[in-house]
Amino acid sequence: MARADPTEHAMIRMELRRFTSRCDMQEGLIQRADSLREVARMTSIQLPYKLANELEARDAQRRVAQKAEERARELIAEQVDAFRRAEGDFQQKLRGKMRDDWANLTGPLAHLRNWANSRLLVAEQNL
């Protein structure tokens, strides 16, 4: 019924353009983020109820989650590389800091905790 009303359809299209541009902006912010806490905070973007059935809106939301996952993986890889280069007691400090940072991986990024732990384990075994 809402689709039959041209005004309602135009409002939904306008809201969709607004949401997709917001998602594009969020992707740029995620790409520039330099901590896992920022990435995790910016990952969760709420889909307005009016746009729940719109595929374009869901795609935009999914792209944000993918960008966040890519950036989080990059940051984790940088942390593990820094751990490999560190020596002795500093490795212990880095390990604790990394685990604290990884605690911020929640919601859509929660599965990266296990991945990060496995990367750290491999790095420890290679030492």
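In this chain, residues are counted from 1 in sequence order.
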For [X] versus [Y], what's the shortest heavy-atom pair and its separation?
| X | Y | value |
| --- | --- | --- |
| A68 | V39 | O-CG1, 3.4 Å |
| A72 | L112 | CB-CD1, 3.6 Å |
| V64 | M42 | CG1-O, 4.1 Å |
| C23 | Q61 | SG-N, 4.2 Å |

Self-check item: Residue pair Q92 / R95, side-chain donor-acceptor N/O under 3.5 Å
Solution: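 Short answer, yes.
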Nearest 0.5 angstrom please: [X] [atom1] to [Y] [atom2], how far?
| X | Y | atom1 | atom2 | value |
| --- | --- | --- | --- | --- |
| R13 | L51 | CZ | CG | 9.5 Å |
| L120 | W115 | CG | CH2 | 11.5 Å |
| L109 | R41 | CG | CZ | 13.0 Å |
| M11 | D5 | CE | CG | 10.5 Å |

**Report entry** Over 12 non-hydrogen atoms of neighbours within 6.0 angstrom of CG in D89
**Finding:**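 It does not: D89 CG has 12 such atoms or fewer within range.
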Mark yes when over 12 heavy atoms from residues, nucleotides or ligands other than R62 sit less than 6.0 Å from its CZ; otherwise mark no.
yes
Which donor-acceptor pairs under 3.5 Å do side chains of residues 73-86 form with protein atoms, sequence neighbours excluded?
residue : atom : partner : partner atom : Å
R73     : NE   : E69     : OE2          : 3.3
R73     : NH2  : E69     : OE2          : 3.0
E74     : OE1  : R71     : NH1          : 2.9
Q79     : OE1  : W102    : NE1          : 2.8
Q79     : NE2  : D101    : OD2          : 3.0
D81     : OD1  : R84     : NH1          : 2.9

Under 3.5 Å, side chain of R58 to main-chain N/O of A52, donor-acceptor pair present?
->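 Yes: the side chain of R58 pairs with the backbone of A52.
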Student check: side-chain heavy atoms of [X] and [Y] closer than 4.5 Å:
| X | Y | value |
| --- | --- | --- |
| N104 | E38 | no |
| L94 | Q91 | no |
| E70 | I30 | no |
| E87 | F90 | no |
| E15 | E54 | no |
| E56 | D59 | no |
| T43 | K67 | no |

ask   = Transitively linked via ILVMFWY side-chain contacts under 4.5 Å: L47 with L16?
value =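 As far as the 4.5 Å side-chain criterion goes, L16 and L47 are connected within one cluster.
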Query raised in the report: Below 4.0 angstrom, N of the basic side chain to O of the carboxylate: do D100 and K97 qualify?
Result: no
